[in-house]
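These notes concern the structure reproduced below.
Residue indices begin at 1 and follow the sequence shown.
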Amino acid sequence: GIVTLHKEQELTYFTEMAKRSTDYGIQVIRFVPSDWESETGTITGVYYDVTKDSWICDRFPFPDFIYDRCYYTNRNRFLENYSTMKRLKKKTTFLSTGLPNKWRVYRTLRTNETIAPYLPKTSAVLSSDVVEQRVHLDGKVVLKPESGSQGKGILFITKKDDCIVVQTHINRQSKIIQTRSMIKFKSWLNRILKNQRWIAQPFLSLINEQNEPFDLRILMQKNGEGHWSESGRGLRVGQANSLISNIHNGGRVIGYERWLRQLPLKRQNEITKQVADIVQALPSELEISFGRLFEIGIDIGIDKQGKCWLLEVNSKPGHQVVLKTNPRARKSIYSRPLAYCHYLLRQTVHN
């Protein structure tokens with residue numbers, strides 16, 4: 001079973017997966033949380049009919065495994081579905097337990113000696129005083145929603161003369177949403193903090209020679225033997241003078257190896273070593289702390305000095321960056337959720 005919040009979400013990805021399901025003797029169904037009828041224990045969703053090359057509506061018994069691809073864009077959306085998802089997790093096996101919010105992940109990772117040097121200094125924003133202190137020290141600070149994803153809701157705070165300038169992304173464009181005195185800014189921020197939790201990070205300069213923000217996305221997935229394997233990597237490049245590289249905000253993707261080869265050999269080796277440190281240490285540390293995972297998206301920023309920064313880890317990563325830059329990865333990306341189900345089934349039988 002594949003559970004999403006929107007019925008047509010990631011349709012191409014799921015269809016390609018379903019086309020391969022007969023090779024594994026698996027039936028793939030899609031549904032949203034409200035499709036589950038707890039009284040009858042059945043789900044009214046859609047299944048993929050290989051002979052008709054289409055999704056067909058039907059009623060199904062409860063699936064043996066669930067692939068959770070629900071994205072919660074705000075706390076209310078999460079709370080609407082929390083009860084149902086919690087009950088689903090008690091009834092069947094989820095491929096992944098998922099990750100908590102950014103602040104909990106950061107606090108865990110900073111205790112790992114290998115990963116800690118790559119983490120931007122992060123603070124929980126408990127009050128506007130935290131932001132005021134960091135702005136006075138650094139002149140700039142980035143605020144991220146604790147539970148946000150896809151680059152949504154990020155605020156870029158800059159001190160300019162005696163004013164505070166607040167920028168964000170609206171309709172794929174970087175826009176100044178306000179310029180205020182520190183007193184008025186703090187009052188505005190305190191109102192926001194009542195509704196959502198935030199973290200503060202440094203305003204890192206992660207741009208290329210064309211003044212375009214960019215970062216490295218690495219997709220890690222487990223294979224049919226339950227081992228972590230890299231499915232591919234690619235660079236996300238934002239628009240010139242933009243603030244974020246996320247492709248949901250108008251960015252583009254380019255091949256990582258092609259970009260790396262343009263750098264001096266010493267810089268290539270430095271970056272390769274740092275990325276390898278992160279990739280090798282991260283999956284096991286996350287699973288030890290938070291439970292079983294099936295896939296993670298690792299976002300790494302690279303500054304002009306060649307220093308790598310671990311920007312974010314996502315347990316429900318998009319696959320487009322890797323699919324566009326690593327065409328040979330298509331087969332494994334579409335097949336691995338199915339192969340991993342077989343692995344989990346074997347573990348259940350053996351236990």
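Checked for salt-bridge contact, E295 and R69 meet the test: a charged N lies under 4.0 Å from a carboxylate O. Using a 4.0 Å cut-off between charged side-chain N and carboxylate O, R252 and E212 make a salt bridge. Salt-bridge annotation for E230 and R233: present, with a side-chain N of the basic residue lying under 4.0 Å from a carboxylate O of the acidic one. A salt bridge links E312 with K102; the closest basic N to acidic carboxylate O contact falls under 4.0 Å. Ion pairing between a basic and an acidic side chain is recognised when a charged N comes within 4.0 Å of a carboxylate O; R30 and D35 show no such pairing.
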Residues 253-262 side chain polar contacts: donor-acceptor under 3.5 Å, at least two apart:
none

Return a table of donor-acceptor pairs under 3.5 angstrom between the side chains of residues 109-118 and protein atoms on other chains or two or more places apart.
{"residue": "T111", "atom": "OG1", "partner": "T108", "partner atom": "O", "Å": "2.6"}
{"residue": "N112", "atom": "OD1", "partner": "T114", "partner atom": "N", "Å": "2.9"}
{"residue": "N112", "atom": "OD1", "partner": "I115", "partner atom": "N", "Å": "3.1"}
{"residue": "N112", "atom": "ND2", "partner": "E285", "partner atom": "OE1", "Å": "2.9"}
{"residue": "Y118", "atom": "OH", "partner": "D277", "partner atom": "OD2", "Å": "2.8"}

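Relative to the ring axis of F62, K91 places its NZ or CZ within 45° and under 6.0 Å from the centre.
The aromatic rings of Y24 and H342 sit tilted, their planes meeting at an angle between 30° and 60°. The aromatic rings of Y72 and F78 stand perpendicular to each other, their planes meeting at an angle above 60°, with 30° marking the opposite boundary.
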Passes side-chain hydrogen bond (donor to acceptor under 3.5 Å, both in side chains), K159 versus H136? Steps please.
CA-CA 8 Å; K159 185 179 181 183; H136 277 311; 3.2 Å; yes
How far apart are the C-alpha atoms of S147 and R197, what are their side-chain angles, what is the distance that settles it, and do they pass the side-chain hydrogen bond (donor to acceptor under 3.5 Å, both in side chains) test?
CA-CA 8 Å; S147 302; R197 293 178 178 177; over 6 Å; no
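Taking the six-membered ring for Trp and the full ring otherwise, F94 and F65 have centroids separated by 6.0 Å or more.
One distance of note links CE of M85 with SG of C70; it measures 4.0 Å at 0.5 Å rounding. Between atom SG of residue C308 and atom CD1 of residue I271 there is a gap of 5.5 Å, rounded to the nearest 0.5 Å.
More than 12 heavy-atom neighbours from other residues, nucleotides or ligands sit within 6.0 angstrom of CG on D23. In this structure, I192 places its CD1 atom where more than 12 heavy-atom neighbours from other residues, nucleotides or ligands lie under 6.0 Å away.
In this structure, L344 is a member of the same hydrophobic cluster as M17, with clusters built from ILVMFWY side-chain heavy atoms closer than 4.5 Å. Criterion: ILVMFWY side-chain heavy atoms under 4.5 Å apart, direct or through other members. Under it, I2 and V50 are part of a common hydrophobic cluster. V275 and L263 fall within a single hydrophobic cluster, where Ile, Leu, Val, Met, Phe, Trp and Tyr side chains are chained together by heavy-atom contacts under 4.5 Å.
Every ring pair (Phe, Tyr, Trp, His ring centres under 6.0 Å) that W55 has, sequence neighbours left out, goes to Y48. Qualifying salt bridge (charged side-chain N to carboxylate O under 4.0 Å, His left out) partners for K186, counting only residues two or more places apart in sequence or in other chains: D129, E132.
Sorted by first then second residue, the ring-ring contact (aromatic ring centres under 6.0 Å, His included) pairs that include residues 276-308, not counting sequence neighbours, are Y67-F294, F294-Y340.
In the hydrophobic clustering, L204 connects to L206, W309, L311, either directly or through intervening members, whenever side-chain heavy atoms lie under 4.5 Å apart.
Minimum heavy-atom separation, T4 to P33: O-CD, 3.2 Å.
Side-chain contact, Y106 with R104: no donor N or O sits under 3.5 Å from an acceptor N or O.
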